[in-house]
Number of protein chains: 2
Amino acid sequence: MVRAARSYHHGDLRAALVEAGLKLARTGGIGALGVRELTRSVGVTPNAAYRHFADREALVLAIAVEAQDRLAQTMLDRMKAIRADADPADRALARLRAVGEGYVHFAMAEPGWFELAILTRDEPGDDSPQPTIESRVAPPYQLLVDALDGLVEAGVLTPAQRPNAEVACWSTVHGFADLATRGPLRAQDPPILDALATYVVDTIIAGVAAPPR
Amino acid sequence: MVRAARSYHHGDLRAALVEAGLKLARTGGIGALGVRELTRSVGVTPNAAYRHFADREALVLAIAVEAQDRLAQTMLDRMKAIRADADPADRALARLRAVGEGYVHFAMAEPGWFELAILTRDEPGDDSPQPTIESRVAPPYQLLVDALDGLVEAGVLTPAQRPNAEVACWSTVHGFADLATRGPLRAQDPPILDALATYVVDTIIAGVAAPPR
DNA sequence: AGGTGAGTGTCTACGCTGTCCACATCCACC
DNA sequence: GGTGGATGTGGACAGCGTAGACACTCACCT
């Protein structure tokens, strides 16, 4: 099924565009994902992209799905480093920290991909054939939900403290990531940002687990 | 100095453009601030704008400064409602809540202006003659700093808890505002969002004021 | 083998954008 | 009462996303 080097038909233009998009977005963010620039980098005419994507937004969203998966993967990688012989409560806390710190570190290490990973579709728009950003539960979000459920199981959180906890956690790491990559903190040195990141994550966890309320 | 209705020279095109920009951005966000659309709404040629602004970005930033001031103003308005006869610690806490809830409510009530208010200049860029987003301390940020200092004064926070607290608070409200206006929460009903907003603000305050750490 | 139709890429063109350059106009001041 | 600097106009250019008509190629079916 793999086609010879360069025939009239490309072979798998869709996949090639997504791959090229990841490469371009890594340094240039979403702004670098122009239809012309993208197709040019694959050696194809701009309109060829329209055989595989309805419009530019659909193309960008397909790339965004890939970026979102990579974000989830870095969270999972951080979880692997958790010692299996630790106290269950500590392990549950460490998993939540892995989610939060994975989020902000991914944002700082790969701001271009991060910008894609947090994309949300502009308009409601009906169901679409391809898996798009909102037609699936975002894997990173699912990891957050699981981590919080784990905290309840481990007895770190009371069931009464559980509702809406994902909103608080997500808001905090999301906001910090935005401030650190595009906002006023973006000029800070990486070591400082790292320290701030762990402080911020610890603080929101402390808030979620704070006494009664 | 006020000029007759419509002569060759406009009178105060710069101010007129900023004012028109606020009106356009209120419903359309930054995307509605095209040079052509903006100048058209003032009844002037696109190039006329270039007599007052270096490029489109400078024009948008001038409008952003105005939006940022309005954000600060809604925070101040919320502070006015605080009872003056309350316990100092309670009043200090109420001021911080006014800052946080003012931030998220402004974002939800005026998403277009909010998008402008949180703009940050793209490139380092040298100093510029006009007051731009980063050549001044953002008024909303200053209010946050003052409110946190007030918490230390009132004894709610220990001096050891003070450092970096603005980063945690800001991250949380900023992240929530983004999720609620452009992110996955943007479809939620306003009453639900309001409840989430106060929960999120309370949670981060609890985290900042959490026992030792 | 030979046609046929679906799939895929190209070419041309349109309207939109931000921005540059040369020119027209107006106002303040000497 | 001219003159110069500030301000607005007109036309043009390159780049963008995208639509429509056309060209090529391949898989399949007789």
Side-chain angles (χ1 to χ4, degrees), chain A residues 1-21 24-25 28-64 116 119 121-123 125 128-130 132, chain B residues 1-21 24-25 28-64 116 119 121-123 125 128-130 132:
Chain A
M1 203 47 106
V2 169
R3 199 158 318 289
R6 179 45 43 98
S7 74
Y8 185 90
H9 287 77
H10 180 280
D12 193 352
L13 181 56
R14 190 198 149 89
L17 285 173
V18 171
E19 190 185 355
L24 284 177
I30 295 179
L33 300 182
V35 174
R36 286 178 139 91
E37 184 166 2
L38 218 30
T39 53
R40 197 182 305 138
S41 88
V42 180
V44 117
T45 288
N47 285 354
Y50 287 85
R51 293 295 173 189
H52 303 271
F53 302 95
D55 51 14
R56 188 191 103 105
E57 193 196 354
L59 171 47
V60 171
L61 280 167
I63 302 169
L116 276 167
L119 253 196
R121 202 169 50 242
D122 277 354
E123 283 307 295
S128 26
Q130 305 292 348
T132 63
Chain B
M1 203 50 102
V2 170
R3 198 157 319 290
R6 179 46 41 96
S7 75
Y8 186 90
H9 286 78
H10 180 280
D12 194 352
L13 182 55
R14 190 198 149 88
L17 284 173
V18 171
E19 190 185 356
L24 285 175
I30 295 180
L33 300 182
V35 174
R36 286 178 143 91
E37 186 166 0
L38 218 31
T39 52
R40 197 182 306 137
S41 88
V42 180
V44 118
T45 290
N47 286 351
Y50 286 85
R51 296 294 172 188
H52 303 272
F53 302 95
D55 51 14
R56 187 191 103 106
E57 194 196 354
L59 172 47
V60 171
L61 280 168
I63 303 168
L116 275 167
L119 254 196
R121 205 171 43 244
D122 277 353
E123 283 306 294
S128 24
Q130 304 293 349
T132 63

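No experiment lies behind these values; they were computed from the predicted model shown. Atoms considered below: every heavy atom in the structure, side chains included; atoms not considered: hydrogens, waters and symmetry mates. Proteins come first, then strands; the chains are lettered A, B, ... in the order of their sequence lines, and each starts at number 1.
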Consider the side chain of B:Val44, meaning its heavy atoms from C-beta on, and name the nucleotide among C:dT8, D:dG8, C:dT10 that approaches it most closely. D:dG8

Rounded to whole Å, CG of A:Leu38 lies from P of C:dG9 at a distance of 14 Å

The reported gap from CZ in A:Arg51 to CG in A:Leu13 (rounded to nearest 0.5 angstrom) is 11.5 Å

Between the side chain of B:Arg14 and the main-chain N/O of B:Ala49, is any donor-acceptor distance below 3.5 Å? no

Just the rounded figure in Å: distance from C1' of D:dA14 to CZ of A:Arg40. 12 Å

Quick check for you: to the nearest 0.5 Å, what is the distance between B:Leu33 atom CG and B:Leu116 atom CG? 5.5 Å

Roughly how far, to the nearest 0.5 Å, is CZ of A:Phe53 from CG of A:Leu61? 10.0 Å

Whole-Å distance separating the NE2 atom of A:His52 from the C1' atom of C:dA6: 14 Å

Spacing between B:Arg51 atom CZ and C:dA24 atom P, to the nearest angstrom: 14 Å

Expected rows: protein N/O vs nucleotides 18-20 of chain C N/O, under 3.5 Å:
{"unit_1": "C:dG18", "atom_1": "OP1", "unit_2": "B:Val35", "atom_2": "N", "d": "3.0"}
{"unit_1": "C:dG18", "atom_1": "OP2", "unit_2": "B:Val35", "atom_2": "N", "d": "3.2"}
{"unit_1": "C:dG18", "atom_1": "OP2", "unit_2": "B:Arg36", "atom_2": "N", "d": "3.4"}
{"unit_1": "C:dG18", "atom_1": "N7", "unit_2": "B:Arg36", "atom_2": "NH1", "d": "2.2"}
{"unit_1": "C:dG18", "atom_1": "O6", "unit_2": "B:Arg36", "atom_2": "NH1", "d": "3.3"}
{"unit_1": "C:dG18", "atom_1": "O6", "unit_2": "B:Arg36", "atom_2": "NH2", "d": "3.3"}
{"unit_1": "C:dT19", "atom_1": "OP2", "unit_2": "B:Tyr50", "atom_2": "OH", "d": "2.5"}
{"unit_1": "C:dT19", "atom_1": "OP2", "unit_2": "B:Arg56", "atom_2": "N", "d": "2.8"}
{"unit_1": "C:dT19", "atom_1": "O5'", "unit_2": "B:Tyr50", "atom_2": "OH", "d": "3.1"}
{"unit_1": "C:dC20", "atom_1": "N4", "unit_2": "B:Asn47", "atom_2": "OD1", "d": "2.7"}
{"unit_1": "C:dC20", "atom_1": "N4", "unit_2": "B:Asn47", "atom_2": "ND2", "d": "2.2"}

Tell me the interatomic distance from A:Phe53, atom CZ, to C:dT8, atom P, rounded to whole angstroms. 12 Å

At what distance, to the nearest 0.5 angstrom, does CG of B:Leu38 lie from CD of B:Glu19? 11.5 Å

Atom pair distance, as rounded to whole Å: CZ in A:Arg14 and P in C:dT8: 11 Å

Give, for atom CG of B:Leu119 and atom CD1 of B:Ile63, the distance between the pair rounded to the nearest 0.5 Å. 10.0 Å

